[in-house]
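One structure below.
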Amino acid sequence: MKTRNIPYSRQDISQEDIEAVVEVLRSPMLTQGPKIAEFEKMLSSLTGNVRHVAAVSSATAGLHLVYQALGMGPGKRVWTSPNTFVATANAARYCGAEVNFVDIDPDTRNMSTEALASRLVDAERVGELPDLVVPVHFSGLPCDMAEIHSLSKKYGFAVVEDAAHALGATYRSDPVGACTYSQAAVMSFHPVKMITTGEGGSIHTRSSEIGALVERRRTHGITREPSLMRREAPGAWYYEQLDLGFHYRITDMQAALGLSQLRRLPEFVSRRTQIANRYHELLVGLPVKLPAVPGDRTSSWHLYVIELSDSAHAKRHRAIFGALRERGIGVNLHYFPVHLQPYYLDLGFSEGLLPVAERYARRALSLPIHTLMSEDDQDYVVQCLREVLHS
Ligand SMILES: *Cc1c(COP(=O)(O)O)cnc(C)c1O
């Protein structure tokens, strides 16, 4: 048998994608050219037409800029899910804000709205309500945004969606990125995500204030807009730095790739959905819990995560991983709970704080799902899983 190498996810680059990048390479501007605005415009049109979409160098940069634009800093509290990539929490630490985690729902694996509601009651009593809550649309499945929105009104916190997995997903027929229930949403274009720009991300918001701040601060806090300047411009070369920003820009080469990839987004989502549906069928009867999608939303299927459902298999979690990896299957764990990372342990978090997320992480297994995966690859994955579970 030939050795396989099936990653859990990977980019899908077409000849058109390559040509789009090469075209920019032959143009006068490699960075800050016309492709960035075009990319932002198309992103907006595919995600509910919010007024402001700002492409940035990564989702991490996007989260940092948005948290900062919402006033996060020392003395502010940011709550998120432990079942996420570390960047969601780290961006709050960049601002100097305090981070806390709300346990997940065992079925959606997203932040549990029941856990959130009960934590808010306790936090109000001791005067420690959060300033910002960041739901993460884990695996591409949107969170229960209407419920989170209504809690945000009741308790007065802002909401930012970490939508790094969820470009192409929908919630109550709104595309993720429409920001109907949040101040902003942030996407990632890392190669394993729904589309890629190499590295890259975007900030989506309806707020002109947030939009203007993140656009300026992604480029050092510099403006070229005369109406915002303190002095009258002494020459055409003049710009002003109004506040302390960063270098979080994306390049025109990346934006050209992103534009070309975005045209393929519907095809990407539908291919991933086909693979997910086929997994649902092929895995029936195995001792695993399958991902569930509530009726009022659709997943982009960035990840396909199963959980070992009986405790005998759960005890062999590590060995099952190893056996599948040995067979060339890039199974992965999304995610080892963020609060158990050494950096967060050093901040005072400990094992046992978030039992649902911790239990989930001892049983979860991300199976490969990406657009270049064949049915034959998928059959091989399921066959190997069957063998390994029965051995
Ligand atoms: C990938 C990812 C990020 C960070 O994205 P980058 O573009 O690599 O900075 C943030 N949050 C989640 C949930 C992610 O999966």
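Atoms within each ligand, like the ligands themselves, are counted from 1 in listed order.
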Of Ala164, Ser188, Ser139, the one whose closest heavy atom lies nearest atom 8 (O) of ligand 1 is Ser188
Same apolar cluster: Val78 and Ile148, side chain cutoff 4.5 Å: no
His247 and His220 aromatic ring geometry - parallel, tilted or perpendicular at 30°/60° bounds: tilted
Can you report which non-hydrogen protein atom sits closest to atom 15 (O) of ligand 1, along with the distance? His165 NE2, 2.7 Å
For the residue pair Arg231 and Tyr238, would you count it as a cation-pi contact if the rule is NZ or CZ under 6.0 angstrom from the ring centre and within 45 degrees of the ring axis? no
Under 4.0 Å, counting heavy atoms only: does His334 come that close to any atom of ligand 1? no
Can the ring centres of Tyr171 and His137 be said to be less than 6.0 Å apart? no
Do His204 and Glu161 have a side chain donor and acceptor closer than 3.5 Å? no
Please identify which atoms of ligand 1 are closer than 4.0 Å to at least one heavy atom of Ala59. 4 (C), 5 (O), 6 (P), 7 (O), 9 (O)
Quick one: does Pro82's side chain get under 4.5 Å of Ile104's, heavy atoms only? yes
Provide the number and element of each atom of ligand 1 under 4.0 Å from a heavy atom of Thr88. 11 (N)
Checking heavy atoms under 4.0 Å, the part of Thr60 that sits near ligand 1 is both
Could you tell me, atom by atom, which parts of ligand 1 come under 4.0 Å of a heavy atom of Thr84? 13 (C)
Is there any N or O on His190 that sits under 3.5 Å from an N or O of ligand 1? no
Before accepting this row, confirm whether a basic side-chain N of the pair Asp122/Arg125 lies closer than 4.0 Å to the acidic partner's carboxylate O. yes
Which protein heavy atom lies closest to atom 14 (C) of ligand 1, and at what distance to 0.1 Å? Lys193 NZ, 3.1 Å
I'd like to check which ligand 1 atoms, numbered from 1 as shown, lie under 4.0 Å from a non-hydrogen atom of Tyr335. 15 (O)
Looking at Asp17 and Arg263, does any basic side-chain N land under 4.0 Å from a carboxylate oxygen? no
Pairs of nitrogen or oxygen atoms closer than 3.5 Å, one from Glu199 and one from ligand 1: do any exist? no
Taking all non-hydrogen atoms of both residues into account, name the closest pair between Asp243 and Arg216 and its distance. OD2-NH2, 2.8 Å
Show me which atoms of ligand 1 lie under 4.0 Å from any heavy atom of Gly200. 7 (O)
Among all protein heavy atoms, pick out the one at the shortest distance from atom 10 (C) of ligand 1; state its residue, atom name and that distance to 0.1 Å. Asp162 OD2, 3.6 Å
